[in-house]
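Numbers restart at 1 for each chain; the letters A, B, ... are given by sequence-line order, proteins then strands. Being a predicted model, the structure only gives us computed values, none of them experimental.
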Number of protein chains: 2
Amino acid sequence: MMKLKNDISDKAVGRLSLYRRLLQELLENGRSQVFSHELAIRAGCTPAQVRRDIMNLEVLGSPAKGYEIQKLMAGISSVLDSDAPQKVGLAGVGNLGRAILAYFSGRTPQFVITAAFDSDPTKVNRVIHGCRCYPVDELVSVVREENIQVGIVAVPAAEAQQVVDEFCRGGVLGLMNFAPVRVRVPVGVYVENLDVMAALERVAFFARRLSAVRGE
Amino acid sequence: MMKLKNDISDKAVGRLSLYRRLLQELLENGRSQVFSHELAIRAGCTPAQVRRDIMNLEVLGSPAKGYEIQKLMAGISSVLDSDAPQKVGLAGVGNLGRAILAYFSGRTPQFVITAAFDSDPTKVNRVIHGCRCYPVDELVSVVREENIQVGIVAVPAAEAQQVVDEFCRGGVLGLMNFAPVRVRVPVGVYVENLDVMAALERVAFFARRLSAVRGE
DNA sequence: TTCACGCTGTGAATTGTTTCACATAGTGTA
DNA sequence: TACACTATGTGAAACAATTCACAGCGTGAA
Ligand SMILES: NC(=O)c1ccc[n+]([C@@H]2O[C@H](COP(=O)([O-])OP(=O)(O)OC[C@H]3O[C@@H](n4cnc5c(N)ncnc54)[C@H](O)[C@@H]3O)[C@@H](O)[C@H]2O)c1
Ligand SMILES: NC(=O)c1ccc[n+]([C@@H]2O[C@H](COP(=O)([O-])OP(=O)(O)OC[C@H]3O[C@@H](n4cnc5c(N)ncnc54)[C@H](O)[C@@H]3O)[C@@H](O)[C@H]2O)c1
């Protein structure tokens, strides 16, 4: 019944992830303390925002020295990371799927892409970037057996809902969806849509808007 | 001095992009009208949200028939698209860069990736997915000459700032950044950060949170 | 030891976004 | 023609995120 560290917003979690990477970089540059305004500049936000976000952690800074980087990182990790590395499954080993396998392979102690799935017989039963690739028919059983909790969807739009349904039947609790559609999931499953098409349309729109402002 | 259709929020623009794709699908299924609640279900939002977003357009619906799909799509396009297809440049033809080239190649009338850039001599001076690949030293001049207004950054994190600086010197007004860092840009340049690492950390975090809620 | 400084932690204010709720109007029916 | 129905368009309310602003404190300087 105790209140967990749960009431952190979506966006705040994303910023904590970013702060952690920035702190790692600072650490590698030999720094051991940091002020909110330094992190803010690197993260592209305000010092007040940084301090608010740090309030979600059980870490205190000192006015004279700022925050201890080691402590901050530990605080962030205790919120973001689970005790054991989290298992991730990937559906769709096409252009994007392979890029994602390469990107996460080895780089992230907190995540491991344990299994990949594809419907193309020429792609399955191989190991790609250290990850075993299974036929998609085995998705539910492998996800269940391996206790995979997070799914990444990188199949064509038309197949996305079906693959999502199977991930959910396998018991995943979170999904990252790259297909340019919105998928339906049971309550209790978190979905993050990474809509690259919409993102590029936003960029183009605001670029145009800014040029209009300049031009006038 | 007239007020342009400018006061549309970031998020609303993203949703309009999504609506357009959903409408295209409906059209292909033979539909010609649509109600706000139908779009809302497909877009994963509320009917009120859909109607608010449509208020940004100069399109009216009728209570009895809903919205005319053709009119809605035309309204969205008149806000999102520029008159001519917009030229886009891509820096970094690695795993992700190639996936992006494949993704946008031919698929999007409103965007064309006109030029790609890489520092690796084995990758340049070829055509990949229909796009000419230049040495990165030529980035500024090609962007300027071709009048490329949008840049996509898919180089390693350590190179991102430098590439962004060059895009800006070339005169781009918008950037989509896949590198897991925040880059500095001159005022008047719009940056959209697509932070896949942060997105996956969010998914993992909320998946864990939901499982805790369930488990209790 | 005392003082001045500048940063933290946070309540309050502000800004931005989403939802509510209802007056209004178009359509089908009788 | 008149009525019942249902969905739109939107002002206002609710909610969420960000920024302001300042009390309080720890440090280093003198
Ligand atoms: N390539 C990109 O940069 C990019 C960017 C953003 C979004 N996306 C989206 O990501 C998805 C994948 O894109 P891509 O470029 O890798 O496409 P792709 O065609 O290269 O790869 C799709 C893969 O999914 C597999 N597949 C098809 N149906 C399947 C099923 N039912 N179960 C399992 N696997 C199946 C195919 O065999 C193929 O290997 C698409 O929805 C696309 O819109 C791609
Ligand atoms: N692969 C993914 O799925 C993925 C996902 C999210 C983010 N990212 C990010 O996208 C970026 C690229 O990822 P990737 O997996 O394609 O890496 P990659 O190593 O496969 O490709 C990087 C490419 O950039 C080129 N390059 C290096 N320095 C350059 C420079 N100064 N100018 C121009 N080109 C240069 C390299 O020659 C290479 O072709 C990285 O920042 C990565 O963190 C990748």
Measure from the side-chain N and O atoms of [X] to the backbone N and O of [Y], and report whether any donor-acceptor pair falls under 3.5 Å.
| X | Y | value |
| --- | --- | --- |
| A:Asn177 | A:Ala179 | yes |
| B:Asp118 | B:Val93 | yes |
| A:Lys87 | A:Gln149 | no |
| B:Thr108 | B:Gln110 | no |

From [atom1] of [X] over to [atom2] of [N], roughly how many Å is that when rounded to an integer?
| X | N | atom1 | atom2 | answer |
| --- | --- | --- | --- | --- |
| A:Asp7 | D:dA16 | CG | C1' | 13 Å |
| A:Glu68 | D:dG26 | CD | C1' | 14 Å |
| B:Met55 | C:dT17 | CE | P | 15 Å |
| B:Leu72 | D:dG9 | CG | C1' | 14 Å |
| B:His37 | D:dT8 | NE2 | P | 7 Å |
| B:Gln33 | C:dT27 | CD | C1' | 13 Å |
| B:Asp10 | C:dT15 | CG | P | 19 Å |
| B:Asn56 | C:dT17 | CG | P | 11 Å |

Is it true that A:Asp195 and B:Arg21 have a side-chain N and a carboxylate O under 4.0 angstrom from each other? yes
Does C:dT8 have its OP1 or OP2 closer than 4.0 Å to a side-chain nitrogen or oxygen of A:Lys65? no
Check whether any side-chain nitrogen or oxygen of B:Ser36 sits under 4.0 Å from OP1 or OP2 of D:dT8, and answer yes or no.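 It does, given that an N or O in the side chain of B:Ser36 lies less than 4.0 Å from OP1 or OP2 of D:dT8.
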When all nucleic acid strands are considered with a 4.0 Å heavy-atom cut-off, which category describes B:Leu60: base, sugar-phosphate, or nothing? sugar-phosphate
Taking protein heavy atoms under 4.0 Å as touching, what does nucleotides 19-25 of chain C look like 5' to 3' if B marks base contact, S marks sugar-phosphate-only contact and - marks none? B-B----
Salt bridge (charged side-chain N to carboxylate O under 4.0 Å, His left out) contacts touching residues 159-169 of chain B (sequence neighbours left out):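 Residue pairs with at least one partner in residues 159-169 of chain B: there are none.
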Among D:dA7, C:dG9, C:dT17, which nucleotide sits nearest the side chain of A:Tyr67? C:dG9
From D:dT18, C:dT27, C:dC7, nucleotide with atom closest to A:Lys11 side chain: D:dT18
Side-chain donor-acceptor contact under 3.5 Å, A:Asn95 with B:Tyr103: no
A:Ser62 or A:Asp53: which one's nearest nucleotide on DNA chain D is closer to the 5' end?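 Checking each residue's closest nucleotide, the 5'-ward one belongs to A:Asp53.
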